[in-house]
Amino acid sequence: MRMVYLDNAATTPLLPEVREAMLPYLGEAFGNPSCLHDWGDKARGAMEEARSQVAQLIGANAEDIIFTGSGTESNNFAIKGLALAQQNKGKHIVVSAIEHFSVLHSAKTMEKLGFEVSLVPVDKSGVVDPHDVEHATKKDTILISIMHANGEVGTIEPIAEIARIARKNKVVFHTDAVATAGTIPVDVNELGVDALSLSGNQFYGPKGVGALWVRKGVRIMPLLDGGVQEGGRRAGTENVPAIVGLGKAAQVAQASMPARIKHLTQLRDRLLTKLPAKIDHVVVTGHPKNRLPGNASFCIEFIEGESMLMLLNMQGVAVTSGSACTSRALKASHVLIAMKLSHAIAQGSLLFSFGLDNTAEDVDHVLEVLPPIVDRLRQMSPLYSKFTKQTKEAK
Amino acid sequence: MRMVYLDNAATTPLLPEVREAMLPYLGEAFGNPSCLHDWGDKARGAMEEARSQVAQLIGANAEDIIFTGSGTESNNFAIKGLALAQQNKGKHIVVSAIEHFSVLHSAKTMEKLGFEVSLVPVDKSGVVDPHDVEHATKKDTILISIMHANGEVGTIEPIAEIARIARKNKVVFHTDAVATAGTIPVDVNELGVDALSLSGNQFYGPKGVGALWVRKGVRIMPLLDGGVQEGGRRAGTENVPAIVGLGKAAQVAQASMPARIKHLTQLRDRLLTKLPAKIDHVVVTGHPKNRLPGNASFCIEFIEGESMLMLLNMQGVAVTSGSACTSRALKASHVLIAMKLSHAIAQGSLLFSFGLDNTAEDVDHVLEVLPPIVDRLRQMSPLYSKFTKQTKEAK
Amino acid sequence: MPVYSEKVMDHFMHPRNVGEIENPDGVGEVGNPVCGDMMSFYIKVRDNRLADVKFKTFGCGAAIAVSSIVSEMATGMTLDEAMKITPRLVADELGGLPKNKFHCSNLGHEALQKAIKDYRSKTKTKGGAK
Amino acid sequence: MPVYSEKVMDHFMHPRNVGEIENPDGVGEVGNPVCGDMMSFYIKVRDNRLADVKFKTFGCGAAIAVSSIVSEMATGMTLDEAMKITPRLVADELGGLPKNKFHCSNLGHEALQKAIKDYRSKTKTKGGAK
Ligand SMILES: Cc1ncc(COP(=O)(O)O)c(C=O)c1O
Ligand SMILES: Cc1ncc(COP(=O)(O)O)c(C=O)c1O
């Protein structure tokens, strides 16, 4: 059976050269970078090289990069650590309604600790209006966090504009760049942000490692207390092999970014245009133009995501859905709901996220196997039979 | 040059079979365990097998194991998460004075959030007296955390006795077993604890992964908010290769524990008895009997740790020191100070921690190269010249 | 894939009794798109027994498998027997359901009961069972 | 190893002027074991110049290298010149010191100054320079 992995938004495979770079640190070079002997030196040297590589990817200084254990940790660290460090100035936090749960739920935790949180809405394409951010910003606002791009619908946000508003109001501005860093150009100074999260497993680097960049001079409280690793800002024995892998992945991503973007955009656009031509009642979600190069996301009306996903998996196609049943939290994607899609439509979400290994044939495979699956589920769907009856009656 | 790694308390090398077990998950089996397709299934299956392996190592149920990113994260999660979850019952926390900084500094953070923290002292061997814990426990005590063994001086604490006190007082009891799990027998029910931290890189597993076991029914607040991974208790894409490695390391540790303990104890005792015979004015630190099998820790009087460590490194010997200069925090080890050693003596600490690859020849190498180093530094030491002058005068 | 039993997978892949009944004796609809599962059950009654049970379901694999097995279990039962089908019975018959699927997706018995009640309320007004 | 420059390593491995001076003209002791570094400097003065400088140091690699280079820099200097040796000068001469070593370990100039002051206070009471 043809196996087609189209879930690169969930996680990407390791590049062979990234794995190669990691292997010595899973072998003889196993030292702890905090240690003052040759083993420690070797590990520390490799870690600092990786720090430079990650810094370069985002146009930052190496010393301002803090390695973490995941994109989620970076976001928790940013929201909680920045808010706690600025709380003498105020207790109000602004985030968008479509942030990743690691931002949204961190903000909720801060609410429990006495902070106030405002959610900024998005339009039908998932775009945050900078004016809404300005509107939400108050005298005691100390932190704004808006994601660079949403991994689920692919929409890229106007971060530089929002950053200007934050700067004008002297508010610390964090962006979750987990879906963008290593995928599209990210430059902390062009974006004008104060803090930025990224994650290795989103751009062919390892799992178990992320980074938070914090602009020099911006204060942050540690999330993980303990030893003096990472300049006292993130304790714990460093995950050296993963950090080395992240550095290598950053270096490769930077070098090959234009070619990657071109390749992914072609695949994405092929599916975005051909799928609605093959299947009726399909909604393309996310922004039509300002979207991640590998993201093709849809809602297929009248049917539910998990059942599509299971039948696609039987055909060797791996995708994801923001439907209630797949989320385990048993709620439809908060992103689609924030974009004003009805629950019924949001339940039919399907996200195809392309990666470097995908080809046009993969797209064509989807175009071949998906329509019968949709037909089959629609034949079972009470929503579809109601719709067809109504349509008939209307005629 | 003979290279002798004697810093296994800082981190251990990966066992080849652990690396082998990890490799598929750094390759084709790169899926995200949350995903509902074959790639996700494969990753999830491997992760759940690892969970069982870790659970078996500590006599626990697999569903009560929460994977984390490090021992430090496990300890932060335990102290902060357990305290916050029990705060309706009180706000008092009891920890020992020799806990790892990931416990001590987490407790300090809770102090900032309005909790009260009591430090229980230790005796000259680093042992916590259960009566002192009982004494420190008050009506509003909600959490006691005492480490199973101290990695720096090797002392093993009377956890089962302390657990009885905690249970009698209905206080949640956490133990930091980072230095013991995978090294000596650890059974959560025999110990009678409610929560237990462990870390992969302490027993030939990978860096970047730890676990927190929490007894069923004991409430804990997440430290990392976000997705519903780990039953909603620890968000973030799971570090599958590291988790698989941790599981394998746990399995191997369990199977070979008696042989390992025997081997390490021989090496340790060889150094513990021979070093003081070769060098005058050496203090053995830690408990003479109840100590970790691979831990031989000393203070060499009149000289400072970092300079010894550097000269040992020139001879291919990797060790660590709890002295101010090596800790980068520029303070003498809080553990040695809590054991009532003077600062001058504490500065001369040297920790030799043996691992599976070490041999009796490694011990003999240390016994050969260390005495001239000590001589040389003592010749430079104003403390030593004062001491010799005083001794002469006394005669 | 969700951790579904073989039986769930079988009923999901090969659902029994999918469809509608023309002029049904009773119809029951449950669920809503917020929860993610909706089921419509259609029944034909003969001699106080379920002579035919059909369904349409919008939902995940569990919801589809539940609908299918409920239709299969119920066919041939007396109405009173059918009214006694519980979520537990359904889940057991399917060889178990994942915890998070138990409540939201395990609505088949409810839809069936609604259809039976619909039938009963109609026959009451008409004044007599078929 | 700590991130020490080659020069630091050289002076740590081959420290110059280690020892004490019998009947020194001045002695300076600084530091304490809490901080982790202690230095004793001994000086011989001829014609208002440091004819001999020796030291003993308890401390880390940086402390030993600092002591060594200060003794080397100072030897031959006039007392006034030697009093002008600053921590910055010492660190520069060593090709830099790690940040966390700058303050605690960079005490050599202090010990030397103390020894010079000791000498000066003694000569004052004796009423005249050597
Ligand atoms: C935008 C965004 N932020 C944060 C995360 C969390 O990353 P992780 O699961 O690697 O911790 C994700 C994950 O996909 C994401 O898409
Ligand atoms: C007793 C103890 N607890 C916690 C830790 C922290 O572990 P890690 O640095 O792997 O996070 C250590 C590290 O050596 C330790 O010895």
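Residue numbers start from 1 in every chain, and the chains themselves are labelled A, B, ... in the order their sequence lines are given, proteins ahead of strands.
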Locate the shortest heavy-atom distance separating B:Cys35 from B:Arg44; write the atom from each residue and the value. O-NH1, 3.4 Å

Only pairs of heavy atoms separated by less than 4.5 Å count here; which of A:Ala29, A:Gly227, A:Gly31 has the most with chain B? A:Gly31

Is it the backbone or the side chain of A:Glu28 that comes under 4.5 Å from a heavy atom of chain B, or both, or neither? neither

Tell me which of these, A:Leu26, A:Ile243, A:Leu14, A:Thr68, has more heavy-atom pairs under 4.5 Å with chain B than the rest. A:Leu26

Contact class of B:Thr12 relative to chain A, heavy atoms under 4.5 angstrom: backbone

Honestly, the part of B:Tyr25 sitting under 4.5 Å from a heavy atom of chain A is neither

Just give me the residue among B:Leu224, B:Thr237, B:Val319 that pairs up with chain A most often, heavy atom to heavy atom, under 4.5 Å. B:Leu224

With only heavy atoms counted, which part of B:Met22 is less than 4.5 Å from chain A, the side chain, the backbone, both or neither? side chain

What distance do B:Leu223 atom CG and B:Ile79 atom CD1 have between them, rounded to the nearest 0.5 Å? 11.5 Å

Walk me through it: do A:Val369 and A:Leu312 pass the test side-chain contact (heavy atoms from CB on, under 4.5 Å)? CA-CA 7 Å; A:Val369 301; A:Leu312 278 169; 3.9 Å; yes

On a heavy-atom basis, which atom in A:Gln86 and which in A:Arg219 lie closest, and how many Å separate them? NE2-O, 2.9 Å

Distance-only donor-acceptor pairs under 3.5 Å for side chains of residues 202-212 of chain A, two or more places apart:
from     : atom 1 : to       : atom 2 : distance (Å)
A:Gln202 : NE2    : A:Ala9   : O      : 3.1
A:Tyr204 : OH     : A:Leu356 : N      : 3.0
A:Lys207 : NZ     : A:Thr11  : OG1    : 3.0
A:Lys207 : NZ     : B:Phe30  : O      : 2.6

Per-residue tally against chain A (heavy atom, under 4.5 Å) across B:Asn32, B:Leu113, B:Asn201 peaks at B:Asn32

Between A:Ser70, A:Pro222, A:Pro13, the one whose heavy-atom pairs under 4.5 Å with chain B are most numerous: A:Pro13

Can you give me the closest heavy-atom contact between A:Gln87 and A:Phe115, atom names plus distance? CB-CZ, 3.7 Å

Among the listed options A:Ser102, A:Pro16, A:Gly226, A:Gly232, the residue most often paired with chain B at heavy-atom distances under 4.5 Å: A:Gly226

What is the minimum heavy-atom distance between B:Ser321 and B:Ser349, and which atoms define it? OG-O, 2.7 Å

Here the pair of heavy atoms bringing A:Val244 nearest to A:Ala46 is CG2-CB, 3.7 Å

With only heavy atoms counted, which part of A:Asn76 is less than 4.5 Å from chain B, the side chain, the backbone, both or neither? side chain

With a 4.5 angstrom heavy-atom cut-off, is it the side chain or the backbone of A:Ala235 that approaches chain B, or both, or neither? both

Plane angle bin for A:Phe101 and A:His105 - parallel if under 30°, tilted between 30 and 60°, otherwise perpendicular: parallel

Below 4.5 Å from any heavy atom of chain A, which atoms of B:Lys80 appear? Answer side chain, backbone, both or neither. side chain

Tell me which of these, A:Gly236, A:Ala318, A:Gly69, has more heavy-atom pairs under 4.5 Å with chain B than the rest. A:Ala318

